[in-house]
Amino acid sequence: APRGLLAPRIAVNVSPLQLRRRDFVERVREAVVLDQAAPGIDLEITETLIMEDIEDNIVKLRELHAMGLSIAIDDFGTGYSSLRYLAKLPVQTLKIDRAFVITMLGDADTMTLVSTVIALAHSLRLKVVAEGVDAEEQAAVLHALQCDEMQGFLFSRPVPLPDVQQMLMAGAAAPL
């Protein structure tokens, strides 16, 4: 790790062009320096993109998972997943799209969807991450619904690389 810092888990969004490439898995393998430990990378692929060529994508995702990469379905709830395939996909995380998070407090139907997605994910032994959490009230409700993780402006705005390095150095210097 540069400057002796331990790298945190990193999420990488996969574009449609990347996933559609026949050599996608091999390119990822070349880009990731694998050692004895898991590489600490989460690949985030939108629900719509995964469902585009589901059978081929299941094969690709299994190969990536076998390399130690974690796979997340990003923007879950905005596409048209088949529950049959959801159970077959080698994914570890569902990310609830921010559109649901920002409207759930004012819309009972959306709240029901968020609650149902969390319960469904947990029944499939998946971790759930809520995107777009901007208010304490949202975080409190998601916590009560047993959402595993949250991300959004409530926790941090986007941070430029030099600031990330400073944050990591400050964290490395802090006592455990």
Side-chain angles (χ1 to χ4, degrees), residues 1-3 5-102 113-114 116-133 147-152 155-165 167-168:
R3 302 182 188 205
L5 298 174
L6 289 176
R9 291 201 67 77
I10 304 217
V12 177
N13 289 306
V14 175
S15 79
L17 288 175
Q18 291 170 319
L19 188 63
R20 289 180 190 131
R21 292 183 60 107
R22 266 186 258 120
D23 64 345
F24 174 67
V25 172
E26 196 51 46
R27 285 178 157 253
V28 171
R29 190 183 325 273
E30 291 170 6
V32 175
V33 178
L34 297 175
D35 56 22
Q36 301 293 23
I41 295 174
D42 297 331
L43 293 180
E44 295 187 0
I45 306 171
T46 64
E47 175 184 15
T48 303
L49 181 56
I50 286 176
M51 296 307 294
E52 210 172 74
D53 185 0
I54 187 68
E55 296 295 346
D56 187 48
N57 287 336
I58 286 173
V59 172
K60 288 178 181 177
L61 296 179
R62 283 186 178 148
E63 289 182 53
L64 294 167
H65 184 61
M67 283 189 261
L69 300 169
S70 183
I71 314 293
I73 299 179
D74 199 13
D75 299 338
F76 187 76
T78 61
Y80 301 98
S81 288
S82 162
L83 293 181
R84 181 180 84 125
Y85 284 118
L86 185 57
K88 291 174 89 176
L89 286 167
V91 299
Q92 294 71 53
T93 305
L94 290 185
K95 296 188 77 176
I96 300 173
D97 187 72
R98 74 180 302 275
F100 296 112
V101 172
I102 62 176
L113 287 173
V114 170
T116 301
V117 167
I118 292 170
L120 172 65
H122 287 164
S123 70
L124 293 170
R125 294 173 303 285
L126 301 175
K127 180 174 72 172
V128 183
V129 178
E131 299 180 294
V133 179
C147 183
D148 300 299
E149 294 181 11
M150 297 171 231
Q151 63 185 60
F155 308 103
S156 176
R157 296 232 176 233
V159 179
L161 181 59
D163 294 347
V164 170
Q165 290 172 335
M167 289 168 61
L168 291 174

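Since this is a predicted model, take the numbers as computed values, not measurements. Computed over heavy atoms, backbone and side chain alike; hydrogens, waters and symmetry mates excluded.
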Rounded to the nearest 0.5 Å, the CG atom of Leu43 sits from the CD1 atom of Ile10 at a distance of 12.0 Å

Can you find a pair of side-chain heavy atoms, one from Leu94 and one from Glu47, that are under 4.5 Å apart?
no

Could you pull out all donor-acceptor pairs under 3.5 Å where a side-chain atom in residues 119-126 meets a protein atom, sequence neighbours excluded?
from	atom 1	to	atom 2	distance (Å)
His122	NE2	Asp148	OD1	3.4
His122	NE2	Asp148	OD2	2.8
Ser123	OG	Leu120	O	2.6

CD of Glu149 to OG1 of Thr93, rounded to nearest 0.5 Å, is 7.0 Å

Smallest heavy-atom separation, Phe100 atom then Phe76 atom, equals CE1-O, 3.7 Å

**Request:** Could you check Ile50 against Leu61 for side-chain contact (heavy atoms from CB on, under 4.5 Å), going step by step and ending with a plain yes or no?
**Result:** CA-CA 9 Å; Ile50 286 176; Leu61 296 179; 4.3 Å; yes

The side-chain contact (heavy atoms from CB on, under 4.5 Å) partners of Tyr85 (sequence neighbours excluded) come to Met51, Ile54, Glu55, Ile58, Ser82, Lys88

Closest heavy-atom pair, Val159 versus Ser156, reported as atoms and distance to 0.1 Å, is CG2-OG, 3.5 Å

Sorted by chain and number, sequence neighbours left out, side-chain contact (heavy atoms from CB on, under 4.5 Å) with Thr116 holds for Thr112

Output for pair (Asn57 CG, Leu49 CG), nearest 0.5 Å, gives 6.5 Å

Sequence neighbours excluded, the answer for side chain to side chain donor-acceptor pair (under 3.5 Å) partners of Glu63 is none

Residue set satisfying side chain to side chain donor-acceptor pair (under 3.5 Å) with Arg21, at least two apart, ordered chain then number -> Asp23

So OG1 of Thr46 and CG of Leu19: to nearest 0.5 Å the spacing works out to 8.5 Å

Taken to the nearest 0.5 Å, the spacing of Lys60 NZ from Glu26 CD works out to 12.5 Å

Sorted by chain and residue number, the side chain to side chain donor-acceptor pair (under 3.5 Å) partners of Thr48 (sequence neighbours excluded) come out as none

Contact between Ile71 and Gln92 at the side-chain level, heavy atoms closer than 4.5 Å - yes or no?
yes

Would you check, one step at a time, whether the test side-chain contact (heavy atoms from CB on, under 4.5 Å) holds for Gln18 with Arg27?
CA-CA 9 Å; Gln18 291 170 319; Arg27 285 178 157 253; over 6 Å; no

*Please report the C-alpha distance between Ile73 and Leu86 in whole Å, then the side-chain angles of each, then the deciding distance to 0.1 Å, and finally whether the side-chain contact (heavy atoms from CB on, under 4.5 Å) criterion is met.*
CA-CA 10 Å; Ile73 299 179; Leu86 185 57; 3.7 Å; yes

Check step by step if side-chain contact (heavy atoms from CB on, under 4.5 Å) holds for Lys95 and Val129. CA-CA 5 Å; Lys95 296 188 77 176; Val129 178; 3.9 Å; yes

